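The structure appears below as structure tokens.
Since we're looking at a predicted model, the values are computed, not measured. Residues: numbered from 1 along the sequence shown. Hydrogens, waters and symmetry mates play no part in the numbers below; they use all other heavy atoms, side chains included. Both counts, for ligands and for their atoms, begin at 1 and track the order of listing.
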Amino acid sequence: HAGPERDARPAPLDTAAAPWRTPSQAAANGRANHPSRGTTMSRTGERVAPATATMQPWSLTMNRVLEHAARWHGTRELVSRRLDGGLDRTTWSQVHDRARRFSGALRAAGIGVADRVATLAMNSARHVEAWYGIMGIGAVCHTLNPRLFEADLEYIVNHAQDRWLVADPVFAPLVAKLLPKCPTVERVVFLCDGAGLPAAPVGAHAYETLIAGHSTDVRWGEFDELTPSGLCYTSGTTGHPKGVLYTHRSNYLHMLMLLQKDCFGFASQDVVLQVVPMFHANAWGLPFAAAAAGAKLVMPGPKLDGQSVYELLEGEQVNCSAAVPTVWQVLLDFLDSKKLRLTTLKRVLIGGSACPEGLIRAFRDQHGVDVIHAWGMTEMSPLGTTATLNQQAAALDPEAQMPYKLSQGRVPFGVDMQITDDDGRVLPHDGRQPGRLKVRGANVVARYFRGTGDGEAREVVDADGWFDTGDVATIDAEGYMRITDRAKDLIKSGGE
Ligand code: AMP
């Protein structure tokens, strides 16, 4: 008989169903279901014995991404803009070493599988190290958006039960205010050296001092791929923010999706300016995809004014970048006023809100830059669609291509999408009739972390796994989706 036998054991570390499970329970569970114990997973997610399978149960865990970058693209650079405007340079190899040292510090303090460690920081290589350092030992990297109201941040930290808070020194005043109201936070670490340590809050650690005290010899990975890796709260709707708890598996598959040529298509030759902040929507998965591709990664820190972005683009020979429309408008206005041209940039990924036609035209006509419009949401890890040209659209002249480039785009492999009426009846892909936009896939949320906090049901998908995005859209015969309206409230704090 062909079908493998079902393993009677419960699902591993079912953090989606019981994300508040204690670390010791979680760790025990993770061990019991370690791939080396001979279990594997069926298509529907149940544990099954491997029976006839002959392939390695290679867990899809995020430590592998940075390990790959360090081993095969070790000298490729990461460049970070400091607050004082200067640039810090490091490599994937160094980031890997330092991330492991940070893991060692976390471990030594008793942080383990499924524990939440928050970050409150702008884009920098140190922040990337913290991400991988946290995830490498199975802890959860919880990114906090510094632009949120203090009351929201307080709610989120307490809801997530963050144990450590890793922050840029510039946010010290905010941290000092939050700390007394967030009793679960045991330790604050500032991403700086001893000399840069803020005076308050008292007792905080300097990241550099901390990692200097630990070696790279720390066990990474070796837990189940369904172990949670990241936590992002959506600020997108009214009511309490809702947490989306990513798993190693969902982030890994999302990262592979970004590498598709019809998606972001990163490659080792790319130099990527990551403007999208690491504190919002999983940073569009860029710190993962860039590492996997072995691309050079350039981080703008807090400086998103036209001059600073222009200097980074030209100075670092950036060929590819990703940001919300407003950032690009600021840059284009600056270039216009100074009569400057971009010489190395070839494509920009624009999403987060609808991309104005003027941006696509200005980039194309004045700078020879191709805009790729993208749509997604925190609940999707976050990528949903990209407006890359299919074979028919590519054959058209540039003017006829504009409606395609302006659309929110097509799904990559890994996302499934449909539109329905209010009664759930599936609507045709005729490009005319709008309906509720629904998605499903391995990178799509099934339920919010510890419920929604305001009494809503936990499951947020229907019986067939469809998640209602709250967006209203048409889909045309070629699969291009266009958002026409919104059935939800949306609040964006800007820049993300
Ligand atoms: P967030 O989870 O904060 O990233 O917000 C996701 C929401 O932003 C989506 O559900 C859309 O309503 C909106 N959004 C994201 N990208 C686009 C886009 N390219 N065009 C229009 N709306 C977008």
Side-chain angles (χ1 to χ4, degrees), residues 143-149 152 156 230-246 250 254 258 263-264 275-286 322-329 348-360 363 371-388 402-412 415 417 419 434-441 443-445 448-449 452 460-461 466-475 480-496:
T143 47
L144 293 170
N145 182 343
R147 297 202 182 100
L148 293 183
F149 290 120
D152 277 339
I156 290 171
L231 178 60
C232 288
Y233 282 74
T234 64
S235 53
T237 50
T238 49
H240 277 311
K242 302 182 181 88
V244 180
L245 187 66
Y246 307 112
S250 71
H254 181 263
L258 295 187
C263 196
F264 291 175
V275 181
V276 291
M278 292 175 73
F279 55 73
H280 180 250
N282 221 6
W284 299 6
L286 261 58
V324 294
T326 46
V327 170
W328 297 121
Q329 197 55 61
V348 295
L349 312 164
I350 300 186
S353 56
C355 181
E357 187 170 341
L359 269 189
I360 302 181
F363 266 125
V371 166
I372 299 171
H373 187 201
W375 165 87
M377 61 195 309
T378 305
E379 286 88 338
M380 300 185 73
S381 303
L383 195 90
T385 54
T386 41
T388 46
M402 194 51 79
Y404 294 94
K405 304 222 40 111
L406 268 174
S407 80
Q408 271 68 19
R410 303 178 286 131
V411 288
V415 176
M417 175 172 83
I419 43 173
R436 286 171 166 275
L437 180 61
K438 297 178 179 176
V439 291
R440 63 182 181 184
N443 316 319
V444 178
V445 75
Y448 288 106
F449 176 63
T452 56
V460 288
V461 294
W466 292 104
F467 169 74
D468 189 334
T469 63
D471 288 317
V472 177
T474 62
I475 302 176
Y480 284 89
M481 184 272 285
R482 291 175 179 83
I483 298 212
T484 58
D485 200 358
R486 210 167 265 146
K488 62 183 175 187
D489 298 317
L490 190 74
I491 304 163
K492 297 239 177 182
S493 58
E496 72 274 18

Checklist line | Atom indices of ligand 1, in the order listed, that fall short of 4.0 Å to a heavy atom of H373 | finding: 18 (C), 19 (N), 20 (N)

Item checked: Close side-chain approach of Q408 and R482, heavy atoms under 4.5 Å -> yes

Next item on the list: Answer yes or no: is there a side-chain heavy-atom contact under 4.5 Å between E379 and Y448?
Entry: yes

Item checked: D471, portion touching ligand 1 at heavy-atom distance under 4.0 Å -> side chain

Checklist line | Results of side-chain hydrogen bond (donor to acceptor under 3.5 Å, both in side chains) for W375 - residues two or more places apart only | finding: D471

Notebook entry, point to check: Does an N or O from H280, backbone or side chain, lie closer than 3.5 Å to an N or O of ligand 1?
Noted result: yes

Note to self: Any side-chain to backbone donor/acceptor pair from H254 onto L383? Under 3.5 Å, distance only.
What the structure shows: yes

Check: Polar-atom distance check: A354 versus ligand 1, any N or O pair below 3.5 Å?
Finding: yes

Notebook entry, point to check: Does V275 reach the side chain of W284, with side-chain heavy atoms less than 4.5 Å apart?
Noted result: no

Next item on the list: Please indicate whether any nitrogen or oxygen in A374 is less than 3.5 Å from any nitrogen or oxygen in ligand 1.
Entry: yes

Item checked: ligand 1 to T378 polar contact by distance, N or O atoms, under 3.5 Å -> yes

Checklist line | Heavy-atom side-chain contact between M417 and L437 under 4.5 Å | finding: yes

Item checked: Backbone or side-chain N or O of T469 under 3.5 Å from ligand 1 N or O -> no

Next item on the list: Could you tell me which residues satisfy ring-ring contact (aromatic ring centres under 6.0 Å, His included) with F264, sequence neighbours excluded, listed by chain and number?
Entry: F266

Notebook entry, point to check: Atoms of ligand 1 less than 4.0 Å from G352 heavy atoms?
Noted result: 8 (O), 13 (C), 14 (N), 15 (C), 16 (N), 17 (C), 23 (C)

Note to self: Taking a cutoff of less than 4.0 Å between a non-hydrogen atom of the residue and any ligand atom, is G470 in contact with ligand 1?
What the structure shows: no

